[in-house]
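Before any comments, here is the structure.
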Amino acid sequence: MAEPAQATGGTLQDGRPRRPALSPSRASDFKQCPLLYRFRAVDRLPETPSKAQVRGTVVHSVLERLFGLPTAERDQAQARALLQPAWEELLAQQPELGELFDGPDDPELTGWLESANALLDAYFELEDPRRLEPEACELRVETELDSGVLLRGFIDRVDVAPTGEIRLVDYKTGAAPREIGEAKAMFQMKFYALVLWRTRGEIPRQLLLMYLASKQRLAYTPDETELRRFERTLEAIWQAILRAGKTGDFRPNPSRLCDYCDHKPLCPAFGGTPPPYPGWPEPDPGPESVLDRTD
């Protein structure tokens, strides 16, 4: 059987456009502000990630690498040893991130790396990775609902018990207000639970959020009724996106989060003018970016 064409950028290797899909990050964007969704998913306007956002990406990378080591080697010293290589690899992939600091001798870089180490140390207070053997880390998942909506995303970690129960784990490193951060995080976890249910036929037994900065764990157990209701919510979001996509009518939804938006100068709610609408369909968002790790 021939291998399927692999996705690269906004097209497949055979030249066909990639099919638009809904990810938890882009769904959250549209819920928060339809114009933000347009700027990120349609216009693909550049954004400058913060040091905290990049730190979250690096910490996620370290934890993924940690579980790639033999069980006995998964200790704090190894995690700290993995931090610098993870940062250097991300910097090689995205050299523009180096502009966050004034060179490798910048004292702020030293403090930033140490703050990442503190988050890794906090992780070890929440669980012992030597007692775990995840089925997958940074798992790419995708499924198509009966309605035709294509869902796609990346799960930090999937644990499967010897008895078959599935647990989805997500690491949180940011300092977002809890009422906003947890709502967004649980939306994300329900998204992944739905995708796993539709692809494997089994509802995850537990959704686990690990807040490293506060050293707290938040566990949640979804059920079929809830996931069916959530599925209808995603379908409604996608239909609203399609309606906006046909006309370009992505309206702003001002909130206190606007103060943190890179695109505020272009927003009509603040006297700005968006760029000309490039048309629909939007390019597939593809893999999650540094900004998608914002939590």
Side-chain angles (χ1 to χ4, degrees), residues 24-25 55-87 89-90 113-143 152-174 181-182 184-223 227 287-288 292-295:
S25 299
R55 182 183 62 186
T57 299
V58 173
V59 168
H60 278 79
S61 177
V62 169
L63 293 175
E64 179 185 7
R65 294 166 188 236
L66 187 70
F67 279 105
L69 296 175
T71 305
E73 297 180 19
R74 299 173 191 164
D75 56 26
Q76 286 178 261
Q78 282 286 4
R80 283 177 163 257
L82 290 169
L83 181 64
Q84 186 69 34
W87 162 237
E89 182 176 309
L90 181 62
L113 289 170
E114 188 49 44
S115 70
N117 272 322
L119 291 172
L120 292 171
D121 291 343
Y123 164 74
F124 282 88
E125 295 188 35
L126 295 174
E127 68 179 9
D128 184 352
R130 292 170 295 187
R131 301 179 61 184
L132 300 165
E133 201 57 60
E135 179 186 270
C137 294
E138 297 299 324
L139 178 66
R140 183 183 188 276
V141 292
E142 178 176 304
T143 192
R152 182 179 297 136
F154 288 80
I155 304 175
D156 285 351
R157 200 176 87 209
V158 179
D159 298 337
V160 180
T163 49
E165 292 92 347
I166 299 172
R167 178 173 71 174
L168 306 184
V169 181
D170 194 77
Y171 313 114
K172 295 298 175 190
T173 61
E182 286 190 4
K184 180 178 178 180
M186 196 52 67
F187 179 92
Q188 178 187 42
M189 295 302 281
K190 290 179 182 178
F191 185 104
Y192 294 143
L194 176 61
V195 173
L196 261 290
W197 179 35
R198 291 310 188 194
T199 54
R200 300 192 182 190
E202 181 175 352
I203 295 175
R205 175 63 62 87
Q206 186 182 81
L207 311 178
L208 178 63
L209 293 163
M210 302 183 70
Y211 288 89
L212 305 186
S214 57
K215 302 177 185 178
Q216 294 182 334
R217 294 159 56 106
L218 175 63
Y220 185 80
T221 301
D223 59 40
L227 291 184
E288 291 188 325
D292 291 317
R293 286 295 188 192
T294 303
D295 53 13

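In what follows, every heavy atom counts, from backbone to side chain, and hydrogens, waters and symmetry copies are set aside.
- For residues 59-75, the salt bridge (charged side-chain N to carboxylate O under 4.0 Å, His left out) pairs, not counting sequence neighbours, are Arg65-Glu89, Arg74-Glu133.
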task = Go through the steps to decide whether Glu114 and Arg80 satisfy the test salt bridge (Lys or Arg N to Asp or Glu O under 4.0 Å), and finish with yes or no.
result = CA-CA 9 Å; Glu114 188 49 44; Arg80 283 177 163 257; 3.2 Å; yes
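- When all heavy atoms of Pro129 and Leu66 are compared, the closest pair comes out as CG-CD2, 3.9 Å.
- Pairing each heavy atom of Asp170 with each of Asp156, the nearest pair is OD1-OD2, 2.9 Å.
- Taking Glu125 as the reference, Lys215 meet the side-chain contact (heavy atoms from CB on, under 4.5 Å) condition, with sequence neighbours excluded.
- Annotation: salt bridge (charged side-chain N to carboxylate O under 4.0 Å, His left out) contacts of Arg55 (sequence neighbours excluded): none.
- The two residues Ala81 and Pro85 come nearest to each other via the heavy atoms O-CD, 3.2 Å.
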ask   = Can you list the steps and then say if Val141 with Thr199 is a side-chain contact (heavy atoms from CB on, under 4.5 Å)?
value = CA-CA 9 Å; Val141 292; Thr199 54; 6.0 Å; no
Counting only pairs under 3.5 Å, give me each side-chain donor-acceptor contact of residues 202-209, with atom names and distances, residues two or more places apart or in other chains.
none

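- In terms of heavy atoms, Leu120 sits closest to Ala79 at CD1-O, 3.8 Å.
- For the ring pair (Phe, Tyr, Trp, His ring centres under 6.0 Å) test, residues two or more places apart in sequence or in another chain that qualify with Trp87 are Trp112.
- A distance of 6.5 Å separates OH in Tyr192 from CD1 in Ile155, rounded to the nearest 0.5 Å.
- One distance of note links CD of Glu127 with CZ of Arg217; it measures 6.0 Å at 0.5 Å rounding.
- With sequence neighbours left out, Asp159 forms a side-chain hydrogen bond (donor to acceptor under 3.5 Å, both in side chains) with Arg157, Arg167.
- Annotation: salt bridge (charged side-chain N to carboxylate O under 4.0 Å, His left out) contacts of Glu135 (sequence neighbours excluded): Arg200.
- Between the NZ atom of Lys184 and the OG atom of Ser25 there is a distance of 6.0 Å, given to the nearest 0.5 Å.
- Applying the ring pair (Phe, Tyr, Trp, His ring centres under 6.0 Å) test to Phe67 and every residue at least two apart in sequence or in another chain returns nothing.
- The nearest pair of heavy atoms linking Gly56 to Thr173 is CA-OG1, 3.2 Å.
- Checking side-chain atoms of His60 against main-chain N and O of Tyr171 turns up a donor-acceptor pair under 3.5 Å.
- Atom CD of Glu138 sits about 8.0 Å away from atom CZ of Phe154, to the nearest 0.5 Å.
- Between atom CD of residue Gln78 and atom CD of residue Gln76 there is a gap of 12.0 Å, rounded to the nearest 0.5 Å.
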request  = List the steps and the verdict of side-chain contact (heavy atoms from CB on, under 4.5 Å) for Val62 and Tyr123.
outcome  = CA-CA 11 Å; Val62 169; Tyr123 164 74; over 6 Å; no
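- If you take CE on Met189 and OH on Tyr220, they are separated by 12.0 Å, rounding to the nearest 0.5 Å.
- Between Phe191 and Pro24, the closest heavy-atom pair is CE2-CD, 3.4 Å.
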